[in-house]
Asks: 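Once you've had a glance at the structure underneath, I'll fire off some questions.
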Amino acid sequence: MPRTAEILIPLALESAYSYAVPEGLELAAGDVVQVPLGPREIVGVVWEVGESASGSNLRPVTGRVEVPPLAPGLRGLVDWLARYTLAPKGSALAMTLRLPDEAAGTETIRVGVRAAGRPPARATAARTKVLAVAADGAVHGKSALAKAAGVSLSVVDGLIDDGALETVALQPEPVALPPDPDHARVPLSEAQAEAAAKLIAFLNPPPSAGEGACGAGGRGDRNISGEGGAPLSRPSLRRGPPSPTQVGPARLGHQDADLGQARDRVGGGSSAPAAILLEGVTGSGKTEVYFEAIAECIRRGRQALILMPEIALTAQFLDRFADRFGVRPATWHSGIGGKRRERLRAGVAAGEVAVVVGARSALFLPFAELGLIVVDEEHEAAYKQEDGVHYHARDMAVVRGRIEGCTIVLASATPSIETRVNAMRGRYAHIGLPERFGGRRLPDIAAIDMRLDKPERGRFLAPPLVAAVRSNLAAGEQALLFLNRRGYAPLTLCRACGHRYRCRNCSTWLVEHRFRRALVCHQCGYAERRPESCSECGTFDNLTACGPGVERIAEEVAELFPDKRVIVLSSDFPGGAERLRSELQTVAEGGCDIVIGTQLVAKGHNFPHLTLVGVLDADVGLTSGDPRAAERTFQLLQQVTGRAGRGDRPGRAFVQTYQPEHPVIAALLSGDAERFYAEEIAAREEAGLPPFGRLAALIVSANEREAAEKHGQALARAADPPAGVMVLGPAEAPLALIRGRYRFRLLVKTERSINLQSYLRDWLAQGPKIRGNVRVSVDVDPQSFL
DNA sequence: TGAACTAGTGTG
DNA sequence: ACACTAGTTCAC
């Protein structure tokens, strides 16, 4: 009976391929092997082994690759990910498998030195100092030794030549030193300590606790995911770990059953939530709280992963970690390459690296003994991966956590609606951290009704705001003016003929960037030189800028407060990321009186001197077609206004708006976030919007329509939460969507990767070029379709 | 993913 | 007739 193996290949292939297993080769699921594929040899992973009578005409596996096998948990994750995201299984595998690429060969050997016990032929003062330091007999790094002795490297080199020091090959520098859970236990507030204790109570004990009741729960979870003997090949959606966003009423039955089972298994009365939401207002000290859980996790000998949005992975955060644990944690992000990447993977797989701080791709590292995953800033849209395999890292963290039987913490000051709903429904536990650390209070927020307090013509700061800024400056304090619009003016029109400048691709208005002297499309990046005369009627010098962008606000502020130091911060900051960083530093140090910023200033960066925040147009974004517009705006405004205030007293915030009665604005003013979310959740449920439903469009060639309808049905069935699907032919292509007023994200998948932007541009210019298997999924108000 | 294919178009 | 491009298919 010929033996066969199902081999999954990390290419965009829908399923594993069958190969014959040659005599003498023993294979098990997870083994990494080399197989022939068409004309070439390629690496794949054994997904299943078996025997089959019909296997005689299969090509044989070439051989095993001597690397550690892919752990069952990760195989389960790949299966789950592919199924949930409708991605080819091979693509899902590729995410976990960044195999020893060409970098594997050349580890640079570091050289250390130690005293050879022989006096130098010639002793100088510098040489004596070096030998004094080296007298301990330990191995020193060359440059470290020179530095410790306060001499230059050449002195050390001279001693080596002399034979007084001998060289020793050093172990490669460890990717991360072991963090010490008890390095510096920072004093916690009462609320923090309480939250930390609750969090730690949720930590699963190490598996060595053996017969412990919770341990059994962990195992049970693994069984659900298809490990421990259950076939991995086809974890049905129902039996797989429940989807993280699974909140639709249709699915509740399953969830409850699931939770019930988990509870039975755990015994001891404690429920087993899929995750824990750690909600703490800005400045409440969430980080310190989950650091305690991480410390406990380390003490129990298990690993911890902290996921962060890529931009939030800052030196500042790593230093905070080092303050608490004595060393910086290992970091993982897309920029880490080659040697270091492989070493970190190996360290993680061997269980030597205790804590990894990483961007979303860290989720696919081969942790040996994962005990805790923290998703920091869980509401961040940056957790969405929108090319290749389309996934949300927060949700995948929950899935990975359940598969590995570990604890998942979702931390945020402004949790997403999805997470809130899960917490409300009892799927997630909820730990709140209501007060700011050190008694800091949230700022007082006041609305400025722009219908009543009009700015002067051509101005955008309302008088009450100007007055507030003025008194703030008089007190020598820093103010932030927030406007979420880059550039100078969002619209340019000709006063003579009324022509408005639109993007030739997207039909959105072109935004004037005065600094660059250009009109720019913020949708697709198209840019043209700002014309002198109207390109429609030819009238010279009669173009007028409509509405404000941050550049224009800077102009106005310069006129109002000519002697004050002003910094404009936006993501297109001239001079690049490096200059931007130093400007942020300047602001943090108080070397600036007025900051004018786009949403960049809402994220992460700390502005300790800020006491006043003015939101120039709170209504931006409220009218977009994005079903998450209200939620996003609320979170953004809450974060921005929350920047005001220092340790000694609360700050003030002013919000300019034309619709103070809008639910988002009203909630912001009243501080009643609870009510806002309750209403938002009810409205979404009513309308079938996320997290309760979603809509996808498949765009296909006319002759694939039938197949696409079928695929669409499958998509709708598999989608969770349940999806609506519509199939469009190329002729009715997303033109309507693109031209429409709705902003949406879309994902185009073809067999070949394409540049979405140029693709859409060409599409609009000349009609569809790619026929065939193009899939687009959109997150958009269904009203725009139906 | 990359090699091999096809259809359509341009070029001499 | 043939090169070249853009898009599609296939690989166990």
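This one's a predicted model, so the numbers in the text were calculated from it and none came from an experiment. Here is the naming used below: chain letters follow the sequence lines, and residue numbers restart at 1 for every chain.
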Asks: Taking the basic N atoms (NZ, or NE/NH1/NH2) and the acidic carboxylate oxygens, is any pair closer than 4.0 Å for A/Glu14 and A/Lys89?
Replies: no
Asks: Between B/dT1 atom P and A/Ile7 atom CD1, what is the distance in whole Å?
Replies: 21 Å
Asks: Whole-Å distance between B/dT1 P and A/Glu14 CD?
Replies: 14 Å
Asks: Can you check the A/Asn57 CG to C/dC12 C1' distance for me, whole Å?
Replies: 9 Å
Asks: Quick one: A/Tyr19 OH to C/dA11 C1', roughly how many Å, whole number?
Replies: 7 Å
Asks: A/Leu8 CG to B/dT1 P: how many Å, rounded?
Replies: 15 Å
Asks: Rounded to whole angstrom units, what separation is found between the CG atom of A/Leu37 and the P atom of B/dT1?
Replies: 13 Å
Asks: May I ask you to say what A/Ile9 touches in the nucleic acid, namely base, sugar-phosphate or nothing, with a heavy-atom cut-off under 4.0 Å?
Replies: nothing
Asks: For A/Glu51, what residues pass the salt bridge (Lys or Arg N to Asp or Glu O under 4.0 Å) criterion, not counting sequence neighbours?
Replies: none
Asks: Looking at CD of A/Glu528 and SG of A/Cys521, how far apart are the two atoms once the value is rounded to the nearest 0.5 Å?
Replies: 10.5 Å
Asks: Nearest whole Å is fine: how far is C/dA11 P from A/Gln34 CD?
Replies: 20 Å
Asks: Who pairs with A/Arg64 by salt bridge (Lys or Arg N to Asp or Glu O under 4.0 Å), at least two apart in sequence or on another chain?
Replies: A/Asp31, A/Glu66
Asks: Reckon A/Arg40 has a side-chain N or O less than 4.0 Å from the OP1 or OP2 of B/dG2?
Replies: no
Asks: Expressed in angstrom and rounded to an integer, what is the separation of A/Ile42 atom CD1 from B/dT1 atom C1'?
Replies: 6 Å
Asks: Please pick, from B/dA3, B/dT1, C/dC12, the nucleotide with the shortest atom-to-atom distance to any side-chain atom of A/Pro39.
Replies: B/dA3
